[in-house]
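In what follows, chains are A, B, ... by sequence order, proteins preceding strands, each numbered from 1.
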Amino acid sequence: MHDIRFIRDFPDAFDEALKRRGLAPLAEEISSIDAKRRALQTDLQSMQSRRNEASKQIGMLKSKGEDASSMIAEVADIKAKAPEMEAQEAQLAEALNNHLMGLPNILDASVPQGDDEDDNELVRTVGDKPSYDFTPQDHVSLGEGLGQMDFAKAAKLSGARFVVLKGQMARLERALAALMLDTHTQEFGYAEMLPPAIVNSATMTGTGQLPKFADDLYRVEEDKWLIPTAEVPLTNLLADSITDAADLPVRMTAYTPCFRAEAGSAGRDTRGMIRQHQFSKVEMVSVVAAEESANELERMTNCAEAILQKLGLHYRVMKLCSGDTGFSAQQTYDIEVWLPGQDEGRGQYREISSCSNCGPFQARRMKARMRREAGGDTEFLHTLNGSGLAIGRTMIAVLENGQQEDGTILLPEALHGYMGTDKLVPFNS
RNA sequence: GGAGAGGUGGCAGAGCGGUUGAAUGCACCGGUCUUGAAAACCGGCAUGGGUUUAUAGCCCAUCGAGGGUUCGAAUCCCUCCCUCUCCGCCA
């Protein structure tokens, strides 16, 4: 959500920010709606003020047993005029709100201009691509080959974009989640949380999924939605509250299922586990004071990278360009892991984590505020979220990177304890 | 799902048609006292918005949410949401 005062005070900067998002200028239109609304509100309030004053006098006159009929008539007159003005005011307020809630966040100055993922900027590459003296298989062949991944059964149960994992691969999900949670809580100070996976519309609106992206969500009943990421419940934990500066930063992590209708992705990544309607993710959320958010984004990205490093996976960090940065973010780093089995064994980088600084954008929507000192003003917090990591895609990476020519998988050492073995072998053997 | 009881400031808890944005206590902040601390005492202490050069004033709104009755609603009525107790069901 945008700050109407910013639009009022810096219309050109706002329109420039819209332009970076590929949107037409709106500052003038928004400011004009706002000006009309405030003028109307001022009139309305002075009427209400008169009404309140008259009512008090009526009370006093009546208590003395005097006649108040002329004042009662005056109030009646005000009451006759008010509804039309109130309706107008409400209409303007709604129009204004639709603009403020429907427009994407202002991009950080450092975000490169671009149209899509091809214009993202390489920040760093860590580790080296593994080499194989055979053509690497993708995770589908590997998983099905080991009898531990069943897309056909999942399709029968649920439809496209689901999977059934069996045996060691089912356990691998749990092992990865445990490694991630242990790392974030023990090494990086994140508090482990277990939030609801179903939230109401107000919560979805707070983080920016609603009102614009309802089609990407699953709705289980009126006003009940399945979360697409734990960012939603975790960040909204701070909604409608004022946090003491001494309690910052707030860092939380959670392992939850995530549900995405993938409305706009029909036909993309139809093979395998890359894009599923249901997947699990360990999410990190940080809530900090304004001046800390830039540093916190770097820190959070490093926390996600730490998981990849523990798993010995090669990856690169990309700074998303203007066209690829999400609605609520002002700046985003994507971490792309190397998947040697993709593209017929030639390999491909694929997003495995996305870490975003949303600035005050979500906080303003959900009224998440902070106070620096007793009696001081409130100000909006900055919120950040990042995957640490997406479990399904991490599993793909572990499988494709650890594969042997015979189709078995050598596991990274960090998982041996969690898995009780160093190798994935055919199911039931 | 059924029956009942409730939802008031950071917390506890009064108010139940009039000048109440809301008693009182606790917490918190400032001060007096004290070598220091505690205690005691004094004062302050909701949020959002409008107006304004103004963090000064003045004004509006908010006592779960939304409607209604009334000159006037935290207080009365309706709908919804949530919490608690009991019953039913259930992992």
Side-chain angles (χ1 to χ4, degrees), chain A residues 1-9 30-97 99-101 194-206 210 219-225 233 236-248 250 256-257 290 360 362-381:
Chain A
M1 186 175 182
H2 292 283
D3 181 1
I4 183 62
R5 290 191 183 128
F6 177 81
I7 301 175
R8 236 146 56 189
D9 295 345
I30 294 173
S31 296
S32 133
I33 294 171
D34 173 56
K36 277 186 212 154
R37 191 192 72 86
R38 279 184 296 127
L40 203 53
Q41 186 183 14
T42 302
D43 291 348
L44 204 50
Q45 287 184 352
S46 66
M47 269 170 54
Q48 289 166 330
S49 178
R50 261 186 282 134
R51 184 204 60 196
N52 290 344
E53 184 52 37
S55 290
K56 280 183 192 174
Q57 288 178 13
I58 291 166
M60 285 190 284
L61 289 173
K62 284 200 164 185
S63 70
K64 291 184 211 155
E66 292 174 25
D67 175 52
S69 55
S70 71
M71 305 231 64
I72 290 176
E74 189 190 338
V75 173
D77 189 46
I78 291 172
K79 282 180 68 174
K81 279 192 266 180
E84 191 191 326
M85 287 173 71
E86 282 167 3
Q88 262 183 52
E89 197 274 341
Q91 200 182 335
L92 288 167
E94 193 193 341
L96 183 64
N97 197 47
H99 273 122
L100 298 179
M101 293 293 268
L194 201 159
I198 298 178
V199 300
N200 60 29
S201 300
T203 303
M204 282 293 188
T205 305
L210 291 179
R219 185 171 63 185
V220 292
E221 57 179 75
E222 184 65 31
D223 201 41
K224 289 283 183 294
W225 309 77
N236 275 284
L237 250 15
L238 281 290
D240 297 312
S241 66
I242 301 171
T243 303
D244 195 292
D247 296 329
L248 298 174
V250 174
T256 69
Q362 294 178 323
R364 198 173 282 119
R365 288 175 160 254
M366 66 174 75
K367 299 177 178 60
R369 291 153 294 166
M370 62 170 282
R371 200 195 311 271
R372 291 182 194 272
E373 55 192 42
D377 284 337
T378 65
E379 49 191 293
F380 288 110
L381 289 157

**Q** Send over the distance from A:Glu86 CD to B:A61 P, rounded to a whole Å.
**A**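 Those two atoms, CD and P, are 10 Å apart.
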**Q** Each nucleotide in nucleotides 44-50 of chain B should get exactly one letter: B, S or -. Can you fill that in based on protein heavy atoms under 4.0 Å?
**A** ---SSBS
**Q** Any side-chain heavy atom of A:Glu74 sitting closer than 4.5 Å to one from A:Met71?
**A**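 They are in side-chain contact.
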**Q** Looking only at atom P, what distance separates B:A91 and B:C16, rounded to whole Å?
**A**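 Comparing P positions in B:A91 and B:C16 gives a spacing of 48 Å.
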**Q** Please give, in whole Å, the distance from B:G72 P to A:Arg51 CZ?
**A**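 Computing the A:Arg51:CZ to B:G72:P distance gives 7 Å.
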**Q** So do A:Val199 and A:Asn236 actually touch side chain to side chain, heavy atoms under 4.5 Å?
**A**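 SC-SC contact between A:Asn236 and A:Val199 ruled out.
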**Q** Is the distance from OP1 or OP2 of B:A61 to the nearest side-chain N or O of A:Asn52 less than 4.0 Å?
**A**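 It does, given that an N or O in the side chain of A:Asn52 lies less than 4.0 Å from OP1 or OP2 of B:A61.
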**Q** Side chain of A:Ser49, backbone of A:Gln45: donor and acceptor closer than 3.5 Å?
**A**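 Between the backbone of A:Gln45 and the side chain of A:Ser49 there is no qualifying donor-acceptor contact (under 3.5 Å).
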**Q** Taking the side chain from A:Asp223 and the backbone from A:Ser201, do they hold a donor-acceptor pair closer than 3.5 Å?
**A**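 Pair found, side chain donor or acceptor close to backbone of A:Ser201.
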**Q** Please report the distance separating the C1' of B:C28 from the corresponding atom of B:C11, rounded so that it comes out in whole Å.
**A**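 Here B:C28 and B:C11 have their C1' atoms 11 Å from each other.
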**Q** Whole Å only: how far is the CD atom of A:Gln48 from the P atom of B:G72?
**A**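 Between P of B:G72 and CD of A:Gln48: 12 Å.
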**Q** In whole angstrom, give the distance that lies between atom CG of A:Leu40 and atom P of B:A61.
**A**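 These atoms are roughly 15 Å apart.
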**Q** Please tell me which of A:Gly59 and A:Ala54 maps to the more 5' nucleotide of RNA chain B, matching each residue to the nucleotide holding its nearest heavy atom.
**A**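 In this pair, the answer is A:Gly59.
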**Q** Does A:Arg37 reach the main-chain N or O of A:Ala93 with its side chain, forming a donor-acceptor pair under 3.5 Å?
**A**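 Side chain of A:Arg37 to backbone of A:Ala93: no pair is present.
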**Q** So which one's nearest nucleotide on RNA chain B is more toward 5', A:Met60 or A:Glu53?
**A**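 Upstream on the strand: A:Met60.
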**Q** Hey, does A:Asp34 have a side-chain heavy atom less than 4.5 Å from the side chain of A:Ile7?
**A**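 Result no, sub-4.5 Å side-chain heavy-atom pair not found.
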**Q** Distance check, P atoms only: B:U47 and B:A73, in whole angstrom units.
**A**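 These two P atoms come out 25 Å apart once rounded.
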**Q** Taking atom P in both B:U19 and B:C63, what distance in whole Å separates the two?
**A**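 Approximately 15 Å lies between the P atom of B:U19 and that of B:C63.
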**Q** Given B:U19, B:G72, B:C59, which nucleotide is nearest the side-chain atoms of A:Ser49?
**A**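 Nearest listed nucleotide: B:C59.
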**Q** Return the nearest nucleotide to the side chain of A:Lys56; candidates are B:U70, B:U19, B:C60.
**A**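 Within the option list, the nearest is B:U19.
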**Q** If you measure from the P atom in B:C33 to the same atom in B:G25, how many Å do you get, rounded?
**A**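 Nearest-Å result for B:C33 against B:G25 at atom P: 24 Å.
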**Q** Rounding to the closest angstrom, what is the interatomic distance between B:A74 and B:A65 at atom C1'?
**A**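 Between the two C1' atoms, the distance is 15 Å.
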**Q** What is the distance, rounded to the nearest whole Å, between atom CG of A:Leu44 and atom P of B:U51?
**A**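 It is 13 Å, rounded to the nearest whole Å.
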**Q** Can you check whether A:Lys36 reaches A:Gln88 side chain to side chain, under 4.5 Å on heavy atoms?
**A**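 Side chain of A:Lys36 against side chain of A:Gln88, heavy atoms only: no contact under 4.5 Å found.
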**Q** Which heavy atom of A:Val250 sits nearest a heavy atom of A:Asp247, and at what distance?
**A**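 Of all heavy-atom pairs spanning A:Val250 and A:Asp247, the closest is CG2-O, 3.7 Å.
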**Q** I want to check one thing: is the phosphate of B:U55, taken as OP1 and OP2, less than 4.0 Å away from some side-chain N or O of A:Arg372?
**A**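 Negative; the distance criterion is not met.
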**Q** Quickly work out the A:Met47 CE to B:G72 P distance and round it to whole Å.
**A**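 So the CE-P distance, A:Met47 to B:G72, works out to 13 Å.
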**Q** Within this structure, what is the NZ-to-P distance between A:Lys79 and B:U70, rounded to whole angstrom?
**A**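 In whole Å, B:U70 P lies 6 Å from A:Lys79 NZ.
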**Q** Could you spell out the base pairing of RNA chain B as a dot-bracket line? Use Watson-Crick and G-U wobble contacts where both distances are under 3.5 Å, [ ] for crossing pairs, | for partners on a different strand.
**A** ((((((((.[[[..)..(.....]]].(((((.......))))).((((((.....)))))).[[[[[..)....]]]]])))))))....
**Q** Minimum heavy-atom separation for A:Leu44 and A:Ala82, please, with both atom names.
**A**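 Closest pair (atom of A:Leu44, atom of A:Ala82, distance): CD1-O, 4.3 Å.
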**Q** In whole Å, I'd like the distance from the NZ atom of A:Lys367 to the P atom of B:A65.
**A**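 My rounded result for the distance is 13 Å.
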**Q** Say you pick atom C1' in B:G2 and the same atom in B:C76; how far apart are they, in whole Å?
**A**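 Going atom to atom, C1' in each nucleotide, I get 28 Å.
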**Q** Are the side chains of A:Asn97 and A:Met1 in touch, meaning some heavy atoms are under 4.5 Å apart?
**A**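 In short, these two side chains touch, coming nearer than 4.5 Å.
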**Q** Do the non-hydrogen side-chain atoms of A:Phe380 and A:Asp3 ever get within less than 4.5 Å of each other?
**A**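 The answer is no, as the side chains (C-beta and beyond) never meet within the 4.5 Å cut-off.
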**Q** Determine the interatomic distance between P on B:U79 and the same-named atom on B:A5; round to the nearest Å.
**A**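 Result for the P pair: 15 Å, nearest Å.
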